[in-house]
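The next block holds one structure in the form of structure tokens; read it before the comments.
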Amino acid sequence: MDSEQFREFAKAVVDYIADYTENVRDRPVLSSVKPGYLYDLVPAEAPVKGEDWKTVIADVEKIIMPGITHWQSPQFHGFFPTANSYPAIVGDLLSTGIGCIGFSWITSPACTELEVQVMNWFGKMLQIPKEFLNESEGPGGGIIQGSASEATFVCLLAAKDRMTKHVKTINPLLEDGEIKAKLIAYTSDQSNSSVEKSGLLGSMPMRLLKSDENGRLTGPVLLKAVEEDRAKGLIPCYVVATLGTTGTCAFDCLEELGPICNENNIWLHVDAAYAGAAFILPEYRHLMAGVEFADSFDVNLHKWLLVNFDCSALWVKNATHLVNAFNVERVYLNHSYQSEDPQIPDFRHWQIPLGRRFRALKVWFVMRLYGVEGLQAHIKKQVQLAELFGQLVEQDRRFEVVTPVTMGLVCFRLKGDNVWTKKLYDSLMSRRQIYLVTASVRSQLVIRFVVCSRLTEQKDVEFAWNEISTLVDTLAGTEEWAKKDGEDRRKYLSQG
Ligand SMILES: *Cc1c(COP(=O)(O)O)cnc(C)c1O
């Protein structure tokens, strides 16, 4: 393909993306294909002769789109938001076009330095402690990781290395392996699945401590676990606290956990993948009180801040722990600009892969085109839409809102036995008009409604509520529901 054809091809795709975005509301949010649908449409062998791009692009609508779950649809209310915006799409396109791999400073100085700078910008927008920023005097700094999962894992590995070295200074006769076998990590039973996975991958048992009735991990629970394990000869090494849990958006008691970690030389990682974005607004910053105790702090730009996947902002207070854990030298990687200066980092020592994309470009585009105010307005609007949904649920006596509406999340259920909520959820999913996921709160089944898409408006929230409430009206009229719980249940459900 020559550059003239590229211009045509790429412009056609840009038009396709703009049309797709404008009309995504009209596509059913959930795909209705059967497993394996695509194998019948795409031949088993690659074409021997190159095809025309126009033929290929025509197949996107025919072959690909039927199998897409439309995450950017205003009817998508599952999980948490997955960011998407035009400036970020263009930033990613440019990054791909430049095609540099910025693993060290010299491999593209702009790639490293723009990343340092946008991480400073973002850190200041959130008002996290200065020590975390590259621009501070100390060894702190920020890096863009691919995901919050990687950030949790990378910090676990750094914690492991730091603790092993620390124990060796006290007890030089111990072998590394002996020490590492005794290390143990903690998180709450509400933390994201990726936290437990990081323990598995890093060969460090991850204890899932019991959260309180509000879904929070508290200090006394952590302290008790740490003391129990010490008594068994284990070495507490790593704690992952969550600000905004995936199930109910609960906030662990960071001000209680922090001092315990600091006093016991335990690495404290704070996972604020979703809710952390809200700290760009002053009214939410009290929710990160205690972050000053943390060794590392992570917020996904790719969730709630309009930067397309993948883009997870990780700060560490002391980057030398990452560099110590990950530094592997080779002659071909040496260059004369190697530097200990966290302002000119070689990011390959801060992450798992060697290669890295120029992700800072899309962050730069989004922050410049939206401005801090634009991003704040986005968060505010989505919170307001969630509050509206919460009010609609609360006005209906058949339903209850189970945990306070937090950020863009509403956890609700039908009053009474879980079986009704399950039935409602299954019917909603088979109708495919809106997409939601469930969670379990104090053994109650709840449906999570999250304002996800940048395109969601009041009418979409009303559409979702209408879909849910009229479905209950219909279900209430069915024989099955009447029989399950007797005639009373049917009457109760149809009261509205
Ligand atoms: C979404 C989420 C994660 C996982 O994020 P990835 O970037 O997909 O790895 C981790 N923790 C919390 C609290 C989350 O909400």
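Just so you know, ligand 1 is whichever comes first in the structure, and atom 1 is the first atom listed for that ligand.
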For Glu292, is there an ion pair with Lys130 - N to carboxylate O distance below 4.0 angstrom?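 Here Lys130 does not pair with Glu292 in a salt bridge, since their nearest N and O are not under 4.0 Å apart.
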Within-shell test, His302 vs ligand 1, heavy atom, strictly < 4.0 Å: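 His302 counts as a contact of ligand 1 under the 4.0 Å cut-off.
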Under 4.0 angstrom from ligand 1, any heavy atom of Gly244?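 Yes, Gly244 has heavy atoms under 4.0 Å from ligand 1.
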When the ring centroid of Phe389 is compared with that of Phe412, is the distance short of 6.0 Å?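 For Phe389 and Phe412, the ring centres are under 6.0 Å apart.
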Compute the ring centroids of Trp465 and Phe449, then answer whether they are less than 6.0 Å apart.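 Here the rings of Phe449 and Trp465 have centres that are no less than 6.0 Å from each other.
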Sole residue of Val118, Ile344, Asn134 in side-chain contact (heavy atoms from CB on, under 4.5 Å) with Glu113: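 Passing option: Ile344.
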Here's a test for you: under side-chain contact (heavy atoms from CB on, under 4.5 Å), which of Ile184, Leu268, Thr152, Leu183 qualifies with Tyr238?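 Exactly one candidate clears the test, Thr152.
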Nearest non-hydrogen protein atom, atom 1 (C) of ligand 1: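 Closest protein heavy atom to atom 1 (C) of ligand 1: Lys303 NZ, 1.4 Å.
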Counting heavy atoms only, which of Thr82, Thr152, Asp298, Asp271 is nearest atom 12 (C) of ligand 1?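 The nearest heavy atom belongs to Asp271.
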Please compare Ala272, Pro81, Ala148 and report which has the shortest non-hydrogen distance to atom 6 (P) of ligand 1.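 Among Ala272, Pro81, Ala148, the closest heavy atom to atom 6 (P) of ligand 1 comes from Ala148.
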[X] heavy atoms, cut-off 4.0 Å: which ligand 1 atoms fall inside?
{"X": "Thr246", "value": "12 (C), 13 (C), 14 (C), 15 (O)"}
{"X": "Phe80", "value": "15 (O)"}
{"X": "Ser194", "value": "10 (C)"}

Under 3.5 Å: N/O of Asn300 near N/O of ligand 1: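 Right, the criterion is met.
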Counting only nitrogen or oxygen atoms and a 3.5 angstrom limit, does Ser149 reach ligand 1?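 Ser149 vs ligand 1: N/O contact under 3.5 Å present.
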To the nearest 0.5 Å, what is the distance between CD (Glu115) and CG (Asn120)?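 The distance works out to 11.0 Å.
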If we count only N and O atoms by modelled type, under 3.5 Å, do the side chains of Tyr20 and His70 hold a donor and an acceptor together?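 Yes, side-chain donor-acceptor contact under 3.5 Å.
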